[in-house]
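So the structure is just underneath, and the comments pick up after that.
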Amino acid sequence: MKSVIYIPIICIFLFILLFILYHKKNYYPYAARHLLTKREYRFYLLLKEVADEYHYIICPKVGVKDLLAVTDKKQYMKYFHKIAQKHVDFVICDKDLYVLFAIELDDSTHETRDARKRDHLKDKAFAAAGIPLKRITDIDKKQIRKLFR
């Protein structure tokens with residue numbers, strides 16, 4: 001008789017457990033956010049004015065792995081992992097999407113030891129690939145124009 005009383009309680013418990021598991025399985029804690037920070041967006045607006053004069057295309061936040069190919073097939077993964085999670089702030093392309101150069105908008109966060117190490121890796125990797133990587137700190141049109149020389 002007592003076991004008959006426990007059956008509905010067990011069923012309710014299982015139902016609650018399944019509901020919780022189903023809810024967790026379908027839980028996606030994401031929200032849209034702007035692609036660029038406020039500083040990057042201010043820079044982008046000035047950069048766009050200059051790029052438009054040359055009929056160039058600006059690609060923001062491009063993954064380094066999408067720009068550089070690892071040429072060492074024996075140690076491919078070692079070198080791929082060095083660039084896999086990195087990006088550059090902007091890439092300037094011609095109308096055919098041929099990469100002309102990349103831009104890093106540096107700020108005070110680039111002054112730490114770790115940041116300098118990451119920046120050094122990017123600088124060397126881009127140089128090896130023959131893609132100019134240009135760094136800029138000031139957001140002013142005069143400095144931006146210099147990037148296109």
Side-chain angles (χ1 to χ4, degrees), residues 10-149:
I10 292 171
C11 288
I12 291 170
F13 175 76
L14 287 175
F15 175 77
I16 291 170
L17 182 64
L18 288 173
F19 179 78
I20 291 169
L21 290 175
Y22 175 79
H23 182 17
K24 274 192 172 190
K25 183 179 175 184
N26 290 306
Y27 176 64
Y28 301 96
Y30 305 108
R33 67 182 209 181
H34 199 281
L35 180 62
L36 302 175
T37 65
K38 288 179 183 179
R39 182 171 187 265
E40 289 167 339
Y41 187 65
R42 268 194 342 266
F43 178 78
Y44 170 81
L45 292 174
L46 291 175
L47 182 64
K48 183 167 176 17
E49 286 181 35
V50 178
D52 285 351
E53 293 173 16
Y54 293 88
H55 304 289
Y56 290 163
I57 298 166
I58 303 169
C59 302
K61 301 250 178 138
V62 179
V64 174
K65 70 182 185 320
D66 299 316
L67 297 168
L68 308 181
V70 177
T71 57
D72 186 334
K73 300 305 175 199
K74 290 182 181 177
Q75 298 184 72
Y76 177 86
M77 292 310 289
K78 173 186 173 182
Y79 290 101
F80 178 76
H81 284 299
K82 290 178 183 271
I83 62 170
Q85 298 299 314
K86 294 181 175 26
H87 76 276
V88 289
D89 295 321
F90 300 96
V91 174
I92 306 299
C93 301
D94 67 11
K95 63 180 176 54
D96 297 319
L97 292 179
Y98 178 78
V99 174
L100 301 171
F101 60 93
I103 302 170
E104 282 283 81
L105 179 58
D106 292 345
D107 58 15
S108 61
T109 63
H110 287 258
E111 295 171 7
T112 67
R113 183 174 176 224
D114 285 343
R116 283 194 304 270
K117 191 175 175 181
R118 288 190 302 271
D119 288 348
H120 180 74
L121 169 69
K122 277 187 197 176
D123 292 341
K124 292 296 186 181
F126 274 80
I131 299 174
L133 176 59
K134 301 180 180 191
R135 295 183 176 277
I136 187 169
T137 54
D138 298 327
I139 300 177
D140 90 13
K141 209 176 215 178
K142 186 177 179 182
Q143 295 300 314
I144 291 170
R145 284 196 183 285
K146 288 182 182 179
L147 296 172
F148 288 80
R149 295 186 189 147

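These numbers come from the heavy atoms of this one structure, side chains and all, not from hydrogens, waters or symmetry mates.
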Roughly how far, to the nearest 0.5 Å, is CZ of F43 from CD1 of I144? 4.5 Å

Which residues pass the salt bridge (charged side-chain N to carboxylate O under 4.0 Å, His left out) test with K48, sequence neighbours left out? D52

Distance check, rounded to the nearest 0.5 Å: K122 atom NZ versus I83 atom CD1? 11.0 Å

Look at the side chain of K95 and the backbone N and O of I57, then say whether any donor-acceptor pair between them is shorter than 3.5 Å. no

Which of parallel (below 30°), tilted (30 to 60°) and perpendicular (above 60°) describes F148 and F101? perpendicular

Taking NZ in K124 as the centre, count heavy atoms belonging to other residues, nucleotides or ligands within less than 6.0 Å. Is the count above 12? no

F126 meets the ring pair (Phe, Tyr, Trp, His ring centres under 6.0 Å) criterion, sequence neighbours left out, with none

V91: which of L133, L67, L97, L100 passes side-chain contact (heavy atoms from CB on, under 4.5 Å): L67

Looking at L147, is its backbone amide N or carbonyl O close enough to the side chain of K134 to form a donor-acceptor pair, meaning the two atoms are under 3.5 Å apart? yes

What is the distance from atom NZ of K146 to atom CD1 of I136, rounded to the nearest 0.5 Å? 9.0 Å

Can you name the side chain to side chain contact (heavy atoms under 4.5 Å, CB included) partners of H55, sequence neighbours left out? none

Sequence neighbours left out, what passes side chain to side chain contact (heavy atoms under 4.5 Å, CB included) with D72? Give chain and number order. K74, Q75, Y79

Judged by atom type as modelled, is there a donor-acceptor pair below 3.5 Å linking the side chain of K86 to the main-chain atoms of G63? no

For D96, is there any backbone N or O sitting under 3.5 Å from a side-chain donor or acceptor partner on D94? yes

Sequence neighbours left out, what passes salt bridge (charged side-chain N to carboxylate O under 4.0 Å, His left out) with E53? Give chain and number order. R145

For A127, the side chain to side chain contact (heavy atoms under 4.5 Å, CB included) test, sequence neighbours excluded, returns none

Approximate separation, where rounding is to 0.5 Å, of R118 CZ and L121 CG: 10.5 Å

For D66, the salt bridge (charged side-chain N to carboxylate O under 4.0 Å, His left out) test, sequence neighbours excluded, returns none

Test of understanding: with ring pair (Phe, Tyr, Trp, His ring centres under 6.0 Å), list the residues that count as partners of Y44, not counting sequence neighbours. none

So, R116 side chain and E111 main chain: donor-acceptor pair closer than 3.5 Å or not? yes

Which residues satisfy the ring pair (Phe, Tyr, Trp, His ring centres under 6.0 Å) test with H34, sequence neighbours excluded? Y41

Restricting to salt bridge (charged side-chain N to carboxylate O under 4.0 Å, His left out), what partner residues turn up for K82, sequence neighbours left out? none

Distance in Å, L36 CG paired with D89 CG, rounded so as to fall on 0.5 Å steps: 8.5 Å

Going through the distances and angles, do H87 and V62 end up as a side-chain contact (heavy atoms from CB on, under 4.5 Å)? CA-CA 5 Å; H87 76 276; V62 179; over 6 Å; no

Tell me, with the steps shown, if I139 and L46 meet side-chain contact (heavy atoms from CB on, under 4.5 Å). CA-CA 8 Å; I139 300 177; L46 291 175; 3.8 Å; yes

By side chain to side chain contact (heavy atoms under 4.5 Å, CB included), which residues pair with D107, not counting sequence neighbours? R39, T109, H110

Kindly write out the residues that satisfy ring pair (Phe, Tyr, Trp, His ring centres under 6.0 Å) with Y76, not counting sequence neighbours, or none if the list is empty. F80

Please lay out, stage by stage, how D140 and Q143 fare under the test side-chain contact (heavy atoms from CB on, under 4.5 Å). CA-CA 6 Å; D140 90 13; Q143 295 300 314; 3.2 Å; yes

